Amino acid sequence: MSTEAAAESGTQDAVPAHRYTAALAGRIESRWQDHWEDKGTFQAPNPSGSLADPGAAAGREKLFVQDMFPYPSGAGLHVGHPLGFIGTDVFARFHRMNGRNVLHTMGFDAFGLPAEQYAVQTGQHPRKTTEANIETYLRQIRRLGLGHDDRRRISTIDPGYYKWTQWIFLQIYNSWFDARVNKARPIAELEAEFAAGERATADGRAWAELSASDRQRELNSFRLAYLSEAPVNWCPGLGTVLANEEVTADGRSERGNFPVFRRNLRQWMMRITAYSDRLVDDLDRLDWPDKVKAMQRNWIGRSQGARVSFAAGEHAIEVFTTRPDTLFGATYMVLAPEHPLVDALVPDAWPSDVDSRWTSGAATPAEAIATYRRAASMKSELERQENKDKTGVFVGAYAENPVNGAKIPVFVADYVLSGYGTGAIMAVPGQDTRDWDFAEAFGLPIIRTVRPSDGFEGKAFTGDGPAINSGFLDGMAVAEAKPRMIAWLEERGVGEGTVQYKLRDWLFSRQRYWGEPFPIVYGADGVPRALPESMLPIELPEVDDYSPKTFDPEDAQSEPFAPLGRATDWVEVELDLGEGKQTYRRDINTMPNWAGSCWYQLRYIDPYNTETLCDPGAEQYWIGKDPAKHGANDPGGVDLYIGGVEHAVLHLLYSRFWQKVLFDLGHVSSEEPFRKLFNQGYVQAYAYTDSRGSYVPAEEVVERDGKYFLGDQEVNREYGKMGKSLKNVVTPDEMCDNYGADTFRLYEMSMGPLELSRPWATKDVVGAQRFLQRLWRNLVDEESGELRVTDTSPDEDTLRALHKAISGVREDYQNMRNNTAAAKLIELNNHVTKRFSAEAGTPRQVAEAMVLMLAPLCPHVAEELWSRLGSTESLAHGPFPVAEERYLVEDSVEYPIQVNGKVRSRVVVPADAGVDQVKAAALAEEKIVAALAGGEPRKVIVVPGRLVNVVL
RNA sequence: GCCCCCGUAGCCCAAUCGGUAGAGGCAGGCCCCUUAAAAGGGUCAGAGUGUCGGUUCGAAUCCGAUCGGGGGCACCA
């Protein structure tokens, strides 16, 4: 039974009227939430632009703290969602109390598949359900007391917001990447180069000879946003195409887990690959978890190597290799089954004396290859990955190793991927495990070109060592042999050093309704034209049916159909785009939901600007480079960005790319969107299944002797996510009802370090509740509600405890160790309880400091106590206590004395005692004298302030 | 298969530079308050740091193996 219920059921003598109960907490919390809202307590002034209050911003150090903004799901919040939000709030509040101008707010990532799917399920317009969900979400997070500047809330679905998303698209569309200066430039500058004849057109004609459409085509091939007719990921089950980043390793959609097929379709792409080097290199300038950096490096997949050309009859097979030093060991070649040269190379008949393993028993090479290709195409991605047995078939032709003229057979095998490098490899079994496996299976020669280290007993040797069997490379280490070979190849024109990337261009269009329309129309010639900025935003048209056309998930041959195509009145539009009034057709794709989240940090800064996406002065102030504070190499960006690790290569890569384009074009001064990134852990939960394997309500399960029961039925415990279907959801609303938001916040923060995932345990919440009750009781009389604070000065012990806590708590907050900060507050409160609960009250000095230190974690109860202590001002802007050094140093120190590393005794000496004095005191201690038995110690180690170790 | 992170009381977690293994919470024992109850108050106990080995005067901390858990990548040439 809750205390609230008890109080109402007539047994109120049992609960003192002024105890800090959930009911009282609830009243305090809503009162302070109203107060903060009325007073605009968390509004952060800008130096310029909208929301400007230059006087208030000037002279204050700023701090921009950002949460990965949520998608407003219809399911509402569970206790896991606010973990990071509370973490940022505590951090923001601590710094606000220390005088910083803190920008902290939260908006909504409200476009996208899930919103649309939810709308389809509920039969309502996505805007309606999404906006309703946002309302629910705001109500839920308001109860948590997050100190957001609510003037800065944005939502990606607002036309005032997506106008700028579209504007950025136009910027990207209207730029090209100039590799000579490694940055984006306006397309107009490229056009000028063409017009001036400084740059040759693709087919060599002069610019003046090209028709308008041809010129557009030429320019389009350079744009950073471009239409491409290329193999893309088509997901019939979702009815849309997907970016590579949205497809899992086993070839299914990340959302919905539907099969994904490669299809040639005309789609919008973003030339993110132009930024590969900068995206990799600038990771070194970021304060991000190594794990996330590693994932991005891995995804971009930069590898240094060489392109080598192998002659094969009148053809040349181009390969990419990271090991040009092993070229002498290339004993065969492999083409991907889809490689375009395969058909050209295949002879009519097998060469004589061909190995029977190479032909798969087929009568001719063409037949063997046709059979092999068919078999390969039948294999799913998953099968391909699970079964790593090497298969392949001989093409029937030979190529020539350029380095020694050796005649080497050419194979087709599916272990070579058409999508990476050139889709062809030189196989060096001696130094490559995969090639070794293939060579063994097909009886191909193996030549070692690196001498394995002593005692090496494996097959392929991939380590470093001196080159052998390699002519002019012999004796060189790998690092030396590589450039030597590249130089040799380049001299002869049969190869060159090159860099290869795994990163592909970003597929940017979706065949969905609920997203940003493209600001693009097509003329009668089918060539896309950008709409002028003045026409933005291009608003989503109303349609009768906004559901996407989805298909049988396995139907690879289905065709995407974009819902916007149904808005026929909208699609056809008459405009004058400088070519006279003409009829155009609008692009009916929408942008992926990553678009809106690519740049929202900029809009938080200046949410109301109608002239530009973000005021330059405000941008510079909040996320500009700050070499004085962060070093000469500082790229700028949000000071702290907290979110889950699941966005490591999606959102975080895309937004870095956009930021860099905007930087190149001069729209922002910062090169990176997020200077420091932090991944919070997840709140996980136990779930229970009965004997039939179905989930039972977790809250009704009890533990007995290490087993779990629902009634008398034993159930099985699982650990993992919190979710409706697992029947283990606990909501923040329940926590606020039963304990209060402050207790909930405190509990979430004291469960462990923020970066750690941890199991939810409702029964543990009471610990946080008890602490706040005790602290309250130390300051407020539970019976009368009178303040229990005295003006007496605290004793020495109390002052020491207080200042030790101040110093520790301050440091903990600074480093986001909210769990240990909470522990130190509890420790201090325990001291206060012991010392003053039997007295008239707590000394004011201690009471005030304790309340202020509690404020970042539990702001409502802290504000309440602070005002009861007599302040008329909110404590949101401080002061935050500062420790006095003199209470941190002890008068005397107790040294443990070890004998051979084991503690044998202790001695107390003055804190300012020198090493010799400590040593003398230790050696004079009676147990040590006994241990020495008149002899001399071999060595005495004194660690000042720590211990003494006597070595016998 | 490769790479990364983590193993400390029954549970969640602390422990600056290697320096007395314990700050805090839950659960547990005992006592007080109470007609009774507890989400009240007090108090007590509890592990030698997954395992093995090494470095050191001294190891939870550093190094090497090994086991267990979590995550990422995965025929990327």
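Predicted model, so just to flag it, every value in this text is computed and none were measured. Numbers restart at 1 for each chain; the letters A, B, ... are given by sequence-line order, proteins then strands. Below, each value reflects all heavy atoms present in this structure, side chains not excepted, and no hydrogens, waters or symmetry copies.
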**Q** Does A:Asn830 have any side chain to side chain donor-acceptor pair (under 3.5 Å) partners at least two apart in sequence or in another chain, and if so, which?
**A** none
**Q** Cationic tip of A:Lys390 within the cone over A:Tyr415's six-membered ring, i.e. under 6.0 Å and within 45° of the normal?
**A**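 Relative to the ring axis of A:Tyr415, which defines the angle, A:Lys390 lies inside both limits.
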**Q** B:C13, OP1 or OP2 - any side-chain N/O from A:Arg758 closer than 4.0 Å?
**A** no
**Q** Would you say B:U20 has OP1 or OP2 under 4.0 Å from some side-chain N or O of A:Arg906?
**A**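 False: A:Arg906 side-chain N/O out of range (4.0 Å or more) of B:U20 OP1/OP2.
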**Q** Suppose we screen for salt bridge (charged side-chain N to carboxylate O under 4.0 Å, His left out). Which residues come up paired with A:Glu894, at least two apart in sequence or across chains?
**A**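 Per chain and number, A:Glu894 pairs via salt bridge (charged side-chain N to carboxylate O under 4.0 Å, His left out) with A:Arg906.
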**Q** Need the pair for B:U43. Rule: Watson-Crick or G-U wobble, both distances under 3.5 Å, any strand; none if unpaired.
**A**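 Paired with B:G29.
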**Q** Looking at A:Asn819, does any N or O in its side chain come under 4.0 Å of the phosphate oxygens OP1/OP2 on B:A14?
**A**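 Affirmative; the distance criterion is met.
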**Q** If I take atom CG in residue A:Leu775 and atom C1' in nucleotide B:G24, what distance separates them, rounded to the nearest angstrom?
**A**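 Going from CG in A:Leu775 over to C1' in B:G24 covers 14 Å.
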**Q** Closest approach of A:Ile272 and A:Arg504, non-hydrogen atoms and distance?
**A**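 Residues A:Ile272 and A:Arg504, closest heavy atoms: CG2-O, 3.5 Å.
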**Q** Pairing check on B:U34: which nucleotide meets the Watson-Crick or G-U wobble criteria with it, both distances under 3.5 Å?
**A**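 WC or wobble partner does not exist here.
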**Q** Quick one: classify the glycosidic conformation of B:C13 as syn or anti, with syn meaning within 90° of 0.
**A**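 Anti conformation for B:C13.
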**Q** Starting from P on B:A77, measure out to CG on A:Leu335 and report it in whole angstrom.
**A**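 A:Leu335 atom CG is separated from B:A77 atom P by 18 Å.
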**Q** Using atom C1' in both nucleotides, what's the gap between B:C4 and B:G42 to the nearest angstrom?
**A**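 Straight-line distance between the two C1' atoms is 47 Å.
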**Q** For B:G40, does OP1 or OP2 lie under 4.0 Å from any side-chain N or O of A:Arg774?
**A** no
**Q** Which base, if any, makes a Watson-Crick or G-U wobble pair with B:G7, both distances under 3.5 Å?
**A** B:C67
**Q** Please measure how far the C1' atom in B:C6 lies from the corresponding atom in B:G29, and state the result in whole Å.
**A**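 Comparing C1' positions in B:C6 and B:G29 gives a spacing of 33 Å.
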**Q** More than 12 heavy atoms of other residues, nucleotides or ligands under 6.0 Å from CD of A:Glu839: is that the case?
**A** yes
**Q** Tell me whether the OP1 or OP2 atom of B:A77 has a side-chain N or O from A:Ser303 closer than 4.0 Å.
**A**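 Indeed, a polar side-chain atom of A:Ser303 lies that close.
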**Q** Does A:Arg946 put a side-chain nitrogen or oxygen below 4.0 Å from OP1 or OP2 of B:U16?
**A**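 The answer is no; no side-chain N or O of A:Arg946 sits under 4.0 Å from OP1 or OP2.
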